[in-house]
Amino acid sequence: MIFDNIENAYIYYTLGEKIKKGFEFIKNNNLSSMPCGRHDIEEGIYANVQELETKLPHLAKFEAHREYIDIQYVISGSERMDFALIDNFAGDIPYDKEKDVEFLRLKEDSSCPNVINVKTGDFAIFFPQDVHAPMLSCGDGVEKIKKVIVKIKAD
């Protein structure tokens, strides 16, 4: 898992050409006015623009992906993301290959997950071993946010 601000995206270009292209999409498009939905970038890379309300942390659903890396970038608003390595989790809802998602729950003997608050201009990268629960409220209430999730086929 990587957490940073988009101004520092160039540091992570060495992680691969696909990740670089994902960041270039974020930096070179007016995401504030981009319509919600899927936007294909190139083979093995696409972006999903979303406008959603955050949810209270006790409603967190932990998810993991096997086929894709996520770059989750907050266009406006802020959200809390909980995360931990996959070894701390047990299956909850089986893996859906078509949607590349499985939902997991913390094992009873595992410590609580790590927490980051991601605000406008920040991003988090989640690799297949990083279980995450995005779209959580940073405070006591809910907030409407706009974000983009760039999905990059893991090689």
Side-chain angles (χ1 to χ4, degrees), residues 1-55 57 59-86 89 91-105 113-138 142-155:
M1 196 288 300
I2 296 170
F3 170 58
D4 207 336
N5 186 275
I6 197 65
E7 295 299 320
N8 299 320
Y10 67 93
I11 295 169
Y12 307 101
Y13 289 0
T14 58
L15 293 174
E17 191 61 30
K18 289 180 184 178
I19 288 178
K20 180 180 178 185
K21 287 182 189 263
F23 279 125
E24 287 172 345
F25 175 86
I26 292 168
K27 293 176 80 170
N28 296 332
N29 285 282
N30 183 353
L31 300 174
S32 296
S33 63
M34 187 172 283
C36 292
R38 181 178 169 139
H39 302 270
D40 291 322
I41 300 170
E42 69 173 45
E43 181 70 31
I45 310 171
Y46 68 93
N48 187 13
V49 177
Q50 302 175 336
E51 285 185 33
L52 303 162
E53 282 192 350
T54 58
K55 56 187 174 267
L59 299 172
K61 291 182 109 175
F62 287 95
E63 62 184 58
H65 312 289
R66 296 181 187 178
E67 302 290 324
Y68 284 86
I69 297 165
D70 281 2
I71 301 175
Q72 297 202 19
Y73 172 74
V74 176
I75 301 164
S76 63
S78 61
E79 71 177 293
R80 172 179 152 179
M81 296 180 187
D82 292 1
F83 66 95
L85 295 176
I86 200 161
F89 291 85
D92 196 19
I93 298 175
Y95 178 67
D96 181 333
K97 185 165 177 56
E98 184 177 316
K99 294 181 181 177
D100 185 39
V101 67
E102 65 184 311
F103 293 96
L104 304 151
R105 60 180 160 65
N114 302 290
V115 174
I116 52 174
N117 290 327
V118 186
K119 64 185 185 324
T120 301
D122 292 342
F123 68 86
I125 303 176
F126 296 105
F127 297 92
Q129 72 273 14
D130 300 322
V131 177
H132 51 285
M135 294 303 304
L136 304 176
S137 173
C138 291
V142 297
E143 177 182 354
K144 186 172 183 172
I145 71 164
K146 186 169 186 179
K147 69 186 288 185
V148 61
I149 303 169
V150 177
K151 305 290 278 184
I152 299 165
K153 183 84 167 152
D155 292 329

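- Expressed to the nearest 0.5 Å, how far CG of D100 lies from CD of E63 amounts to 10.0 Å.
- Under the 4.5 Å side-chain criterion, counting only non-hydrogen atoms from C-beta, Q72 is in contact with F126.
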Verdict with supporting geometry, C36 and Q50, side chain to side chain contact (heavy atoms under 4.5 Å, CB included)
CA-CA 5 Å; C36 292; Q50 302 175 336; 5.5 Å; no

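- More than 12 heavy atoms of other residues, nucleotides or ligands sit less than 6.0 Å from atom NZ of K55.
- For E67, the salt bridge (Lys or Arg N to Asp or Glu O under 4.0 Å) test picks out K97, K153, with sequence neighbours left out.
- Here the closest heavy-atom approach between residue P57 and residue S137 is recorded as CG-O, 3.9 Å.
- Closest approach of N117 to R80, counting heavy atoms only: OD1-CB, 3.5 Å.
- Residues S78 and E143 have side chains that bring a donor and an acceptor to within less than 3.5 angstrom of each other.
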F25 and L31: side chain to side chain contact (heavy atoms under 4.5 Å, CB included), yes or no, with the steps?
CA-CA 9 Å; F25 175 86; L31 300 174; 3.9 Å; yes

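- The side-chain heavy atoms of V148 and N48, taken from C-beta on, include no pair separated by under 4.5 Å.
- Taking a cutoff of 4.0 Å between a charged side-chain nitrogen and a carboxylate oxygen, D155 and K18 qualify as a salt bridge.
- The heavy-atom pair separating M1 from D130 by the smallest distance is N-OD2, 2.9 Å.
- At least one side-chain heavy atom of Y12 sits under 4.5 Å from a side-chain heavy atom of D4.
- Annotation: the span from K151 atom NZ to I45 atom CD1 amounts to 13.0 Å, rounded to 0.5 Å.
- Other residues, nucleotides and ligands place no more than 12 heavy atoms under 6.0 Å from the CD atom of E7.
- Side-chain contact between M34 and N29 is present, with at least one heavy-atom pair separated by less than 4.5 Å.
- A salt bridge links K146 to E51: one of the charged nitrogens lies within less than 4.0 Å of a carboxylate oxygen.
- The aromatic rings of Y68 and Y46 sit perpendicular to each other, their planes meeting at more than 60°, with 30° as the lower class boundary.
- Here the two rings, on F62 and F103, have centers that are 6.0 Å apart or farther.
- To the nearest 0.5 Å, the span separating OG1 on T54 from NZ on K144 amounts to 12.0 Å.
- Heavy-atom neighbours of K119 NZ from other residues, nucleotides or ligands within 6.0 Å: at or below the threshold of 12.
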Side chain to side chain contact (heavy atoms under 4.5 Å, CB included) between V131 and L85, worked out:
CA-CA 6 Å; V131 177; L85 295 176; over 6 Å; no

Evaluate the criterion side chain to side chain contact (heavy atoms under 4.5 Å, CB included) for residue pair F127 and I2; output intermediate values, then yes/no.
CA-CA 9 Å; F127 297 92; I2 296 170; 4.1 Å; yes

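- Judged by distance alone, the side chains of D70 and H65 do bring a donor and an acceptor atom under 3.5 Å apart.
- A donor-acceptor pair under 3.5 Å is formed between the side chain of T120 and the backbone N or O of G77.
- Distance CD1/I125 to NE2/H132: 12.0 Å, rounded to 0.5 Å.
- Geometrically, R66 engages Y95 in a cation-pi contact defined by less than 6.0 Å to the ring centre and at most 45° from the axis.
- Side-chain atoms of D96 come within 3.5 Å of backbone N or O of K99 as a donor-acceptor pair.
- For the pair I6/D122, no side-chain contact is recorded, criterion being any heavy-atom separation below 4.5 Å from C-beta on.
- Between K147 and I75, the shortest heavy-atom contact is C-CD1, 3.6 Å.
- With a 4.5 Å cut-off on side-chain heavy atoms, I19 and K21 do not count as touching.
- Across G121 and N5, no two heavy atoms sit closer than the pair O-ND2, 3.1 Å.
- The side-chain heavy atoms of M81 and F3, taken from C-beta on, include no pair separated by under 4.5 Å.
- Residues I145 and E53 fail the side-chain proximity criterion, which asks for heavy atoms closer than 4.5 Å.
- Taking the six-membered ring wherever Trp is involved, the centroid distance between the rings of F23 and F123 falls below 6.0 Å.
- Looking at every heavy atom in both residues, A64 comes nearest to P128 through CB-O, 4.4 Å.
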